[in-house]
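Below is one structure, written out as structure tokens; comments come after it.
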Amino acid sequence: MKAVVLNGFGAPAVMHLGEAPLPEPGRGQVRVRVMASSVNRADTVQRRGLYPPPAGESETLGLEVAGVVDALGEGVKEWRGGERVMGLVAGGGYAEYALAYAGHLMAIPEAISFEEAAAIPEVYITAYLNLFMIGQLQAGQTVLLHGGGGGVNTAAIQICRILVPESRIMVTASTAKLERVKALGAHLAIDYRQQDFAAEVKAFTQERGADLILDHIGGAYLAKNQAALAIGGRLVAIGLMGGATAEINLGLLLVKRQRIIGSVLRALPVAEKTAITNAFVDRVLPHFRRRTLLPLIHRVYPLAEVAAAHEEMEASRHFGKIVLSVAAS
């Protein structure tokens, strides 16, 4: 089968379209004929050799797929050949065929294309998991989202507007993306290059601070995130783009009763990821079926142009998801 192959680790040029063995589904797994996948920040980190897949998972890049059921492993009863599905994979999405656990797949709504479906699982489940299942965002609370026009951040804005329309959404973004972030639904857009986001959050909330912060920057933002949190506020850390270490103000943590929570999705046990997928299907997927929630796609690349897709992401030129059309390759 065709798949993206790495010639070592490094810049996007190490990737090319080559051949890989057809994967065989194990117990509880489904082989999906992939029609589309998409690019996630984690893919670029793995490409550089800094984020290996969990033990036993495919070394091929790609964390989500949309396609049709091709073969069933032992014990799988909930899917049938030919059904349109989308879902999370721990690796292998940049290929013509990929393996997914049956419980990590979702039926693609009738009105959703394969390219749109490929833009849903990783970022929308990540946003839902960390804002609602872990972060416990409630109506009337304020949330600060870091990440401008990235896939998780744009998904998070959309989900907040749909599930808790009474919440107040604050977003940090680059200058060029401020207006687009506000058009998507942010109540406050902060230019992280020109403004102190902690001061802006305090001013917007009349000195109260944010009830919840979703952060993929990490160490470089820890001190300001603490300053921006309200009493009893929660900081959910989902990435380390700004470094893995920082000095924490324990006095502030105690006095303001802050909670700092680390979160991952890819490496979770199969059963836990299934439970998260089921919760997402119950609460969020109906909005995609009604098309009151639509995936935000920046651009679709053929799989053969995967290097250009990675270059676009690493230059932060995108707003929403960068999708890879596998069938076209």
Side-chain angles (χ1 to χ4, degrees), residues 1-4 20 22-40 43 53 57-58 60-129 151 155 265-266 268 270-291 293-297 300 303 321 323-329:
M1 68 171 183
K2 296 292 185 183
V4 171
L22 182 70
E24 293 297 331
R27 181 172 180 81
Q29 291 184 318
V30 173
R31 185 168 67 206
V32 177
R33 180 162 64 91
V34 181
M35 305 301 288
S37 185
S38 65
V39 179
N40 290 284
D43 301 337
E57 299 292 350
S58 173
T60 301
L61 302 179
L63 299 180
E64 58 195 327
V65 296
V68 298
V69 173
D70 179 69
L72 304 177
E74 183 183 353
V76 176
K77 300 184 184 303
E78 58 266 54
W79 299 108
R80 292 183 297 179
E83 289 187 298
R84 295 187 347 131
V85 293
M86 60 184 178
L88 299 169
V89 293
Y94 290 14
E96 289 183 311
Y97 294 87
L99 298 181
Y101 284 96
H104 301 169
L105 292 174
M106 303 171 280
I108 299 176
E110 288 185 9
I112 297 292
S113 69
F114 286 118
E115 288 77 14
E116 289 175 319
I120 293 173
E122 179 70 19
V123 294
Y124 286 91
I125 290 178
T126 293
Y128 176 69
L129 167 66
L265 180 58
R266 184 184 193 183
L268 290 177
V270 172
E272 189 172 348
K273 203 180 290 187
T274 296
I276 293 166
T277 301
N278 290 340
F280 180 85
V281 167
D282 289 342
R283 192 170 182 194
V284 183
L285 198 59
H287 295 284
F288 286 106
R289 295 192 190 108
R290 294 191 292 267
R291 295 188 72 82
L293 184 59
L294 293 173
L296 186 61
I297 295 177
V300 178
L303 188 61
K321 288 287 283 183
V323 172
L324 298 172
S325 177
V326 178
S329 297

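Positions are given from 1, in the same order as the sequence printed here. Please read all numbers here as calculations on a predicted model, not as lab measurements.
When all heavy atoms of A119 and I297 are compared, the closest pair comes out as CB-CG1, 4.1 Å. Residues M86 and I120 come closest through the heavy atom pair SD-CD1, 4.0 Å. Of all heavy-atom pairs spanning M35 and G67, the tightest one is CG-CA, 3.6 Å. Between Q29 and G26 the shortest heavy-atom distance is OE1-N, 2.7 Å. In plain terms, the two heavy atoms of G92 and A98 that are nearest each other are O-CB, 3.4 Å. Scanning all heavy atoms of the two residues, the minimum distance from V323 to A118 falls at CG1-CB, 4.4 Å.
Residues K321 and L296 have side chains not in contact (no heavy-atom distance under 4.5 Å, counting atoms from C-beta outward). Inter-residue side-chain proximity for Y124 and L285 is flagged as unmet; no heavy-atom pair is nearer than 4.5 Å. In this structure the side chain of E122 reaches within 4.5 angstrom of the side chain of L265, judged on heavy atoms. The shortest side-chain heavy-atom distance between V30 and E78 does not fall under the 4.5 Å cut-off. Inter-residue side-chain proximity for V34 and E96 is flagged as unmet; no heavy-atom pair is nearer than 4.5 Å.
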| message | As a quick check of understanding, evaluate side-chain contact (heavy atoms from CB on, under 4.5 Å) for K2 and L303, giving each step before the final call. | response | CA-CA 9 Å; K2 296 292 185 183; L303 188 61; 5.5 Å; no

| said: Test side-chain contact (heavy atoms from CB on, under 4.5 Å) on V39 and Y94; report intermediate values, then the result. | reply: CA-CA 9 Å; V39 179; Y94 290 14; 3.7 Å; yes

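Between the side chain of D43 and the backbone N or O of N40, at least one donor-acceptor pair lies under 3.5 Å. Here the side chain of E116 pairs no donor or acceptor atom with the backbone of P295 at under 3.5 angstrom. A donor-acceptor contact shorter than 3.5 Å links the side chain of S37 to the backbone of E64.
Separation of atoms CG (L88) and OG1 (T277) is listed at 5.0 Å; rounding is to 0.5 Å. Residue K273 holds its NZ atom at 13.5 Å from CG of N278, rounded to the nearest 0.5 Å. With rounding to the nearest 0.5 Å, the separation of CG in D70 from CG in L22 is 7.0 Å.
More than 12 heavy atoms of other residues, nucleotides or ligands shown are found within 6.0 angstrom of CZ on R291. In the displayed structure, R31 atom CZ is contacted under 6.0 Å by more than 12 heavy atoms of other residues, nucleotides or ligands.
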Distance-only criterion, 3.5 Å: show the donor-acceptor pairs between side-chain atoms of residues 99-112 and protein atoms not counting sequence neighbours.
{"residue": "H104", "atom": "NE2", "partner": "V270", "partner atom": "O", "Å": "3.0"}
{"residue": "H104", "atom": "NE2", "partner": "T274", "partner atom": "OG1", "Å": "3.4"}

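Using cut-offs of 30° and 60° on the angle between ring planes, the pair Y128 and F280 is perpendicular.
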